[in-house]
Novice: 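Let me give you the structure first, and then I'll get to my questions.
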Amino acid sequence: MQAKYVWLRHLATLVAVSMSLFHLYVAWFGPPNAFTLRATHFGFALALAFISLPMTSRNATKGPGLFDLVLLIAALTAASYPIVNQTYFNTRMAYVGPVSVMDQVMALIMIGTILEATRRAIGIILPLTALAFLAYQVFFTNTEIVRLLEYQYMTTDALFGVPAQVSATYVVLFVIFGAMAERFGVGKLFIDFALALTGQAAGGPAKVAVITSGFFGSVSGSAVANVMTTGTFTIPLMKRIGYRPQFAGAVEAVASTGGQLMPPIMGAAAFVMAEFMGVSYLTVAGYALLPALLYFLAVYLAVHFEARKHGMKGLPKADLPRLGKVIKDEGHLFLPIFIIVATLMSGYSAPFSALAGILSVVPVVLARKTTRGEFSIPKLIDALRAGAINSIPVALACASAGIVIGVIAQTGVGLTFTGLVRTLAGHHLLLALILTMVAGIILGMGMPTTPAYIVQVALLVPALVNMGVLLPAAHMFVFYFAILSAITPPVAIAVYAACGIARSPVVSTSALAVRLGLTGYIIPFMFVYGPSLLMIGTWTEVILTAFTAAMGVSFLAGGLAGYFLRPAGWLVRLLLIAAALTLINPGLYTDFAGLSLGLIATLLNRREKVEVVPEPEIVDTSYIPPPPTAADQSRSS
């Protein structure tokens, strides 16, 4: 932005800090009525979008134009209308009370500005999806336009529905917490801790990437933001000890994507899941824990086997921090995360737990001389600004997804889609799961995780539940594939971000990312067939399922890498992969068969003498992109 627009940057900062302070105030004193809270939340997001996000890439270096100003005024007017007329909105009876011309005009303005702001923040796919659903309702159903506008704007079932409520109460607070943690040294702690723990091991930097990305991603909740934060450090380290650029970029992309799966904070969609299922967020985190650990175990083993296979060493001990010193000097920075978990476990709400974590960051940083220098008032203001700015894509995505949910609820198209899935799949659950997986990945490629998950909940989850899948398993299934789209070609936004740092070609990096993350595509099938992996069932069932799943993950990683106890030939690799696939469906016979195949492969591998041929450098002509812009980073929020 040119110098003459510096005042706009200050205005954006003022609006962003005000937004963060408003949500902190609400978390402390309690929320106002639903329309006031959600409309104010969207009003802040719309204002920041039209002030700071350009209409086109050509306007990126310019300030807002006249059209932006018109959109800003229109958006704020439409967002303020339910607040100014809150008594009218709260007391009227839907489908009974009259809908004035002004009501309809405000509804049209709100929908239009939401879709345009969403386009600026996260791209065209989600707004086009919402428009397609609206067009379907207008042209292919008997819904009157006035009733469509009333349902979307004047009820809490569509635009101001559950996604809006979650964004305004849960998500924004955890995003603020993530921004404060990053600004005040928690990210550095994660890196130092991982370096001290695994930096000296075989392939140490890759293991550092896995551990750091798991830690940081659980706080940031964004795959691309995670890549851009930790990848700038870990990718050069991986290349330094001999990993190919493609492999280094793939490791970082896969590990960063998994951060959204890892409790305690996960991604924004996890909070929406808790609301949809009517359970606490802590319950959702419990469902997610074992699958997330399996995911990171698979990635960790993949980089370990790759390092052992090619004889890669770790970093020199002299270059690494000592674990004891890291814990002594920086370990107290883990406290805010522990406070959030402890508050959740004590029965307090997720918003209050997030607030407790936020309020603890500054005192914890100031508590020790070793970290006191991390704090400053400008950093605090910047953290509050970043928290609001980072929540814009989530807020607008939730608003647009709410429009889609409103159409689905008002027209009943969800039931039609459920019937279609059942017709295509027949009585075959596996086929229904595969269809759902494909749909989830396709939706996730064009949308951030949260709206992709929300749309699948409305369209796909009922079909799975009708076929006998437990509700938590159905929700977690679509949640996983909404997230894994970040590493699935052809879009693979997390891979795109990693390629910009690694200077690696996109096609080969994407192929390696899919190979490294392949276990992530299999784990959802495992917990659908064995819900005890979600900690549903007796402790005996949970422990047994976790053990066999961990063995399956280990076999699969070894089979794909071509290394287990030592370099593996094709027969051993096929046996390992067969053992892993057999262990997908838990049961006495399948577990026995899978473990037996794995044991046979292990015994054969001990006697093998396979010569490892260095892999040739993969050359392709795909474009090597520059690091993503801020708009690109928002796509995985």
Side-chain angles (χ1 to χ4, degrees), residues 210 214 254-255 257-258 261-262 287-306 308-309 429-430 433-434 437 469-470 472-473 476-477 479-481 483-484 487 513-566 568-606:
V210 175
V254 173
T257 298
L261 305 170
M262 179 62 76
Y287 294 149
L289 181 59
L290 286 180
L293 291 175
L294 288 175
Y295 179 93
F296 279 99
L297 173 64
V299 181
Y300 186 91
L301 289 175
V303 300
H304 173 73
F305 291 149
E306 185 80 9
R308 294 297 300 270
K309 181 179 177 180
L429 176 59
L430 180 60
L433 292 173
I434 292 172
M437 175 188 73
V469 178
L470 292 182
M476 287 294 295
F477 189 88
F479 176 64
Y480 254 71
F481 288 110
I483 288 173
L484 290 174
I487 59 171
V514 171
R515 194 192 87 185
L516 290 172
L518 186 61
T519 303
Y521 296 84
I522 294 175
I523 288 172
F525 291 87
M526 297 174 76
F527 59 63
V528 165
Y529 287 106
S532 49
L533 199 57
L534 301 178
M535 296 192 185
I536 298 173
T538 66
W539 278 109
T540 302
E541 293 172 335
V542 170
I543 292 170
L544 182 60
T545 303
F547 171 74
T548 56
M551 295 305 299
V553 162
S554 304
F555 294 150
L556 184 61
L560 293 174
Y563 188 102
F564 200 58
L565 300 178
R566 59 182 63 189
W570 281 107
L571 175 59
V572 170
R573 295 182 71 173
L574 288 173
L575 285 172
L576 288 170
I577 292 172
L581 295 178
T582 306
L583 290 167
I584 288 177
N585 188 3
L588 180 61
Y589 296 112
T590 53
D591 287 350
F592 179 77
L595 293 173
S596 298
L597 286 173
L599 179 60
I600 293 170
T602 303
L603 293 174
L604 290 175
N605 185 229
R606 289 187 62 182

Novice: Measuring from Ile584:CD1 to Ile523:CD1, what's the distance to the nearest 0.5 Å?
Specialist: 10.5 Å
Novice: Would you give the length of the straight line joining atom CG of Leu289 to atom CG of Leu533, rounded to the nearest 0.5 angstrom?
Specialist: 10.0 Å
Novice: Say you draw a straight line from CG of Leu516 to CD1 of Ile487; how long is it, rounded to the nearest 0.5 Å?
Specialist: 8.5 Å
Novice: Side chains of Tyr529 and Leu430: closer than 4.5 Å at any heavy-atom pair?
Specialist: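 They are in contact (side-chain heavy atoms under 4.5 Å apart), so the answer is yes.
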Novice: If only atom types and distance count, is the side chain of Thr590 paired as donor or acceptor with the main-chain N or O of Asn585 below 3.5 Å?
Specialist: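 Pair found, side chain donor or acceptor close to backbone of Asn585.
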Novice: For the residue pair Tyr295 and Thr257, establish whether any side-chain heavy-atom pair is separated by less than 4.5 Å.
Specialist: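 Side chain of Tyr295 against side chain of Thr257, heavy atoms only: contact under 4.5 Å found.
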Novice: Which distance, rounded to the nearest 0.5 Å, do you find between the OG1 of Thr538 and the CD1 of Ile543?
Specialist: 8.5 Å
Novice: Testing Leu301, Thr519, Leu576, Leu583 one by one against Leu556 for a side chain to side chain contact (heavy atoms under 4.5 Å, CB included), which residue passes?
Specialist: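 Exactly one option meets the side chain to side chain contact (heavy atoms under 4.5 Å, CB included) with Leu556, and it is Thr519.
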Novice: Roughly how far apart are Leu595 CG and Phe547 CZ, rounded to 0.5 Å?
Specialist: 6.0 Å
Novice: Given the rule in the side chain to side chain contact (heavy atoms under 4.5 Å, CB included) test, do Ile522 and Val553 qualify, once you have shown the distances and angles that lead to the verdict?
Specialist: CA-CA 9 Å; Ile522 294 175; Val553 162; over 6 Å; no
Novice: To the closest 0.5 Å, what do you measure between CG (Leu597) and CG (Leu574)?
Specialist: 11.0 Å
Novice: What heavy-atom pair brings Leu560 and Arg573 nearest, and what distance separates the two atoms?
Specialist: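 Where Leu560 meets Arg573 most closely, the heavy atoms are O-NH2, 2.8 Å.
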Novice: Please confirm whether Tyr480 and Tyr521 have ring centers closer than 6.0 angstrom.
Specialist: no
Novice: If I compare all heavy atoms of Lys309 with all of Tyr563, which pair ends up nearest, and what's the gap?
Specialist: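 Lys309 and Tyr563 have their closest heavy atoms at CA-CD1, 3.6 Å.
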Novice: Is Phe527 close to Thr545 at the side-chain level, that is, under 4.5 Å between some pair of heavy atoms?
Specialist: no
Novice: Between Arg308 (side chain) and Arg566 (backbone), is there a donor-acceptor pair under 3.5 Å?
Specialist: no
Novice: Looking only at heavy atoms, what is the nearest atom pair of Gly598 and Ala579, with distance?
Specialist: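 Closest pair (atom of Gly598, atom of Ala579, distance): N-CB, 3.6 Å.
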Novice: What closest approach, in Å, do Leu534 and Pro291 show between heavy atoms, and which atom pair accounts for it?
Specialist: CD2-CG, 3.9 Å
Novice: Given Leu290 and Val542, is the side chain to side chain contact (heavy atoms under 4.5 Å, CB included) satisfied, shown in steps?
Specialist: CA-CA 9 Å; Leu290 286 180; Val542 170; 3.8 Å; yes
Novice: Identify the two heavy atoms, one from Met476 and one from Ala288, that lie closest to each other, and give their separation to 0.1 Å.
Specialist: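 So the minimum-distance heavy-atom pair works out to CE-CA, 3.8 Å.
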Novice: Could you tell me which non-hydrogen atom of Phe564 sits nearest to which non-hydrogen atom of Ser554, and how far apart they are?
Specialist: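 Phe564 and Ser554 have their closest heavy atoms at CE1-O, 3.7 Å.
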